[in-house]
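Only one structure is covered here, and it is reproduced in the block below.
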Amino acid sequence: MSEEFNLQESLLSLSDLSLYHIPAEIDVPSLRTSSIDESLSTAIESIVHDPDSIVHQPASTFDVFQSILKYSDSPNITGPILTKLLDVILSSLTNHANAVVTLVGSQGFSAEDMDAPMIHKQPLEMWSFLLQWFITSAERGAGKSSDGSSMTTTTGKGKKKITNKQNSSSTSTNFIWIDQLPFVLSTIHKILKIPTSRIWRTTSEKENFISCFVKPSYQLAENELYLKNQEIKFGIYKIICLSVKFHNHAFGAQTSIIQNLTYFEHFSEPMAELLSILEKEFDHSQLSEEVLRDVSTKTFAHNDVKGPRSFSKFLIKFAELSPRIVSKQMPLLLGHLDSDAHPMRMAIVEIIGILIRDLSLSDEGDEEQKSKQIKKYFELLMERFLDLNSWVRCKVLTTLIKLCDLPAKFPKQRHQIVELTIRTLEDKTSSARRYAIQLLCKLLETHPFGALHGGTLNLAEWQERYDKVSTELAKVDAIELEKAKRDVGLLDGEAGEQEEAEEEGEENAGEVDEDMDNAEEVEGTPKPKSKRKERKPRQSQLDITGIQAEQSTLDPELIQRLRLTKKYYSDALRFINQLEGAVTTLCQLLVSTTKTEVLEAMRFFRIAFEYDLQSSEIGIKTMLHLIWTKDNNAAPVATTSATVTNEDGNPATGMESGGKGIRANLIDCYRSLYFDVVPDLAPKQQVNRIAKNMIERTYGATLAELTSLEELMRTMMAEGGVHHDVVNKLWQVYSTDQEIPKPQRQGAIIILGMLALAKREVVTERVEALLKIGLGPLGMHDLVLARYTCIALQRLGGSAKKVKGSLSDKTMRLPMDNPIFVKLQEIIEHSPRSPQWFSMAEQAINTIYLLGEQPDALCSVIIKDLTVKVFEKPSNSTDETNPPPAGDANAEADETIREDHLAPEAESPTSNGNGEVSEKKDQVGSFKLAQLVFIVGHVAIKHIVYLELVEREFKRRKDETAKQKAAAKTADKDSNDLDAVAGNAEDDIGELISGIRERELLFGDKSLLAVYGPMIAGICASPKRYKNPSLRQAATLSLTKLMCVSAQFCESHLLLLFKILETSRDPVVRSNIVIALGDIAVCWGSMIDDNSERLYQGLSDPDPIVKKNTLMVLTHLILNGMIKVKGQLGEMAKCLEDKDERISDLAKLFFTELSTKDNALYNNLQDVISHLSIGQHKVDEETFERTMKFIFTFIEKEKQAESLVEKLCQRFRLATEERQWRDISFCISLLPFKSERSMKKLIEGLPFYQDKLHEETVFRRFTEILAKARANKAANKPETELKEFEAILTEHQAKGLEDQALEADVLKKTKAAKRRAAKRPQAGRGKKLATQEDEEEEEDEDSRPAPAPTRNTRGKAPAKKPPPKPAKRGGRRKIVESDEDDEPDLSGDE
């Protein structure tokens, strides 16, 4: 058999088992299982008696084994048979391997001894052949049971579970391959330890033998499940390592590893582990280096996904396990930084981080060389901040996050890292911005400036330390400089010359001083004697002992320490300033639409606050507005490779939020910073600290910040997050009799009012304190305190929000004799004159209408009392109970104010006493009138709300009555009649209330408000008579409030309001009118709709606040459909490029929302283009292009784009100026041209613009359109038409340029002919005149603008055509701007 069996041929024959020939083959499929078992047992017995029988008796042994393996898939081959077969194969291999080892170990080096192991060559080959065949059959699924369940685990995870569920009888017949694998692998390990070179003398024979074990190993490794079993995995690794180390399998292993990495993605990390084990346990690094060299030469396409991902995982894992080997091959691997496949670039970036970590932690090697390498690697990382792929930029950031946790702080690179990270905060991708914030947090947490003064980073403190050290160092430098001068001055000659020069200078100075003394004596002014500069002693006269003492104090180590400390402080200041500069960008990220960014920005400010960064307060305040965010779901956990933050110990995306939303995270953040208990403080101190923090949140807060703080406090109180001791402390601060700062007391009542929103009991138990403090003497002198006291009193009525459609009203109302109303009346009528009075009075009236059962009665008394104050005369008393009638009051007011205003004007500028008194009277009288007017307006607007409540209460009572009757189930006819009457009464109540509002409040005979309507209108209509700004502001505001009450009053005064809007110089008045017009539009929409063009005038207001308010009102009205857009969107489009960022952002929001309405933006796009491109409202080209670029992003529907192509092409017909051509062509180039029809529309419109193509910019735009159409990936792209269109474009451009040159040539010749004709007159005078005319004509020619390069399409010579007159050009322009014919009239009104 030794001559017949050939291992190589047998291995090749296994590729097709059907053709494999066995000399004494057993017909396994036709035999029973028992017969097969008997044949196998016989063969095994022969092997036991004679191990060499497999060679000498092949028919009885070897062929039996081969037959069973050939038909191993047959159901006759059961588990026990396969187990027996595997046992005999493994035991025989082990036996022969031990025999070979024994032979080799016991014999010498003679020829006979060297050939002794050869006797085992044939059996080893045959048994190894059978083992490979067995492994292949087992992997194919040999040993399946009769019910079809596979005994192998090659098909997935669930196989073991299926096997375990078999009953005991089936288990006995099953073959569980995964349980046998460890024994198989350990047997192979023993065989691979034999000296194969003593048995197989040729390389090919040895490789065939080794392949019987290595090939199955790679086959087993392809099963991902086996690699999850540690014993099997390391068994496979050991086989390959032994083959490489002792059997020259390095090249084969290298090829197999590269192939496995290419085709099997799960091989990435196992292959890295294999190479690492080979290097560490078997001391064989050559294979690893060869594989890395192979990988470095790999190239990947940008769209290749699988290959780069597999190789990148391999490289990263191998770098983690064996960084030294990777470091050696790094110069070659760095070529992948320029790879088109971004996963490879990401891998190299991460490897650089691993190598930096290894170098910094290593104690071996030259420190200088290591620092150079680290510096080089950091430079490569910094370059990758500019990578085009966002994932690579993210990988750089996450790599740096890992490096920040190292003990080494890398001070030289740290500043550059911070600078580049701050720049990445403005990255266009959300993930990069998020990881940039994480890196900033990590840099802040691991900063190296905590050694001397703790970890805080307060800028002022560090600046103070730096200045102090700089001062000390400056003194030291001065001493050293003096010492150096002394050392240089030891030469007597130089010292003598210096002293002579000084003496000469002093003598000269003495002469000058004497001259000055003489001059001053002449003038008679005494002058002190001049002090001559004392001469310095010579070197020999210096105190030697003093110098030595001075030198001894300048310790070199102390000086060096000072210099290092200064450098330390300088670096700290630089770091702090960098972080302070990033706060603005981070505040913007707080309002990002990406939740993870917002959470990370909140985390940064939280950490920055703990490190005492000054600007963190700005972020904490900005963060407060996030309380209005709706948390529908938890924040997503960071995915992708950037989840490395989890490896650093931070949960999720670095937040300690545990998946909370923005709102919940904000509340936690504020609690931890301000309202949580801190350790090492007594309970009383804890309460004081929390109350103090709450009050300080109100200091300097804007209205928006207070509103957000109110929602935060309400939420915390509702959740039980505010202890009752804290509430008591706030009341104690508010009620204290001690002198405390006003903002402190104000802050206490502001917070109490906020907490009372969630729990009314906070206020109900302390009403007396509110009346005593806030509405008492303290409130009289602090109207801000009084105002917030009124707001706190409003909480008495409850804060339950009304449900839409509900008739129930849970508001608590008090009788009008309650002390609260007495105090409110007093503070309105008797408080001192102050600008804060108006906001206080507004809240006081709100409180009266919210809590009082009959608020109108009290407000009537207040109005009457204020009227008496305004119109009373010191000389004779007036009837306080009856106010003057409307006409008399108006006339009296006019007369009083006129006299008050004219008094100071009539006096001469030199008058001092009387003028001041008169001016003071004027101001006092105007302020009282402003108070009256303001109260009247606010009472009117609150009374409308009160009437709605009355209507709702009436309906509620009727509803309850109806329910009671329905419950009683009375079927009496009379009761039915009553129901009908009640229903009619309920229908009539709405009409009754609206009638009262329309006709009674401002026009009724018995109405108090009707008295003041004409007076307020008169004040507003007489700006020259009533000049006081406060009065005019109050009167205008009240007029707008009255206009919301009655449509009749509104209609009669609407033109007056528009006139004030146009003529008023006070931006406050204009802003109030614009906001009020929005309210009027809600009440009486048709009136504003008819005059909407006047509302748009506010968009051109010079004051940014007026412009912003106008834009906000228009946004609200247009988006809610309250006014129709009539071609004025052009003015709103101008706001997109406004200098004020708030205005431009609001305009962008408007157009974004408008684009969601059905075709609203598309229908008005033509008007916008006309408005911005031509006419008196046009903008410069750059602004036009930026504006259009933004607006055209919302044209996404293909039908809209097709229609716009056609309409824009038609605009070329009437366009006469090159500017219009460029604008139209730019707009066309912004369209997507995704469909074939769009391109056809453009080609069809060629006659309209073909004569404009000679203009360079127009031609370039159409070329861009052509390139865009060709870049389109649509299947039905009209290639032929595009080529023809390109040819036509080029042809018409050339033709246009020729026509333009011809026109210029004709024009030039015509002018030359005119000049020659002008020189023909013969008389001298005529010559002189001709010369003058010629000169004038030349000047005219020079001053005249160059002719427009237009083609003449009407057949007229352009040289003979006179220049168009301005009027005609204007008329021509009017035709073009047919949509905006009404604008000249509008501008005329302006």
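A donor and an acceptor atom, one from each side chain of Thr789 and Tyr734, are located under 3.5 Å apart. Remark: the Asp1066 side chain and the Gln1033 side chain contain an N/O donor-acceptor pair separated by less than 3.5 Å. A side-chain donor-acceptor contact under 3.5 Å links His1116 and Asn1120.
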Test side chain to side chain donor-acceptor pair (under 3.5 Å) on Ser1038 and Tyr1012 and set out the steps. CA-CA 10 Å; Ser1038 295; Tyr1012 298 95; over 6 Å; no
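Arg957 and Glu953 are joined by a salt bridge, as a carboxylate oxygen and a charged side-chain nitrogen come within less than 4.0 angstrom of each other. With salt bridges taken as basic N to acidic carboxylate O contacts below 4.0 Å, none links Glu948 and Lys942.
When all heavy atoms of Leu755 and Met713 are compared, the pair lying nearest together is CD2-O, 3.9 Å. Here the closest heavy-atom approach between residue Leu770 and residue Ala792 is recorded as CD2-CB, 4.3 Å. Scanning both residues, Cys1020 and Ile1060, for their nearest heavy atoms gives CB-CD1, 3.7 Å.
The backbone N or O of Met694 lies less than 3.5 Å from no partner atom in the side chain of Thr698, so there is not a single donor-acceptor pair. Side-chain N or O atoms of Trp1084 include one that pairs as donor or acceptor with a backbone N or O of Met1043 at under 3.5 Å. In terms of modelled atom types and a separation under 3.5 Å, the side chain of His1053 and the main chain of Phe1049 share a donor-acceptor contact. The main-chain N or O of Leu1061 is never found under 3.5 Å from a side-chain atom of Arg1070 such that the two would form a donor-acceptor pair. No donor-acceptor pair closer than 3.5 Å links the side chain of Arg714 to the backbone N or O of Leu757. Panel note: side chain Trp731, backbone Leu752; no donor-acceptor pair is recorded below 3.5 Å. Arg1094 places no side-chain N or O within 3.5 Å of a backbone atom of Phe1058 that could act as its donor or acceptor partner.
Between Leu771 atom CG and Leu793 atom CG the span is 6.0 Å, to the nearest 0.5 Å. Taken to the nearest 0.5 Å, the CG atom of Leu824 stands 8.5 Å off from the CD1 atom of Ile845. Rounding to the nearest 0.5 Å places CD1 of Ile827 at 5.0 Å from CE of Met780. Taking CZ of Arg787 as the reference point, atom SG of Cys790 lies at 10.0 Å (rounded to 0.5 Å). The structure places NZ of Lys864 at 12.0 Å from SG of Cys859, a figure rounded to the nearest 0.5 Å. Separating the CD atom in Glu842 from the CD1 atom in Ile791 is a distance of 9.0 Å, to the nearest 0.5 Å.
Considering only residues two or more places apart in sequence or on other chains, Phe838 meets the ring pair (Phe, Tyr, Trp, His ring centres under 6.0 Å) condition with Phe927, Phe934. Every residue was checked against the ring pair (Phe, Tyr, Trp, His ring centres under 6.0 Å) condition with His625, not counting sequence neighbours, and none meets it.
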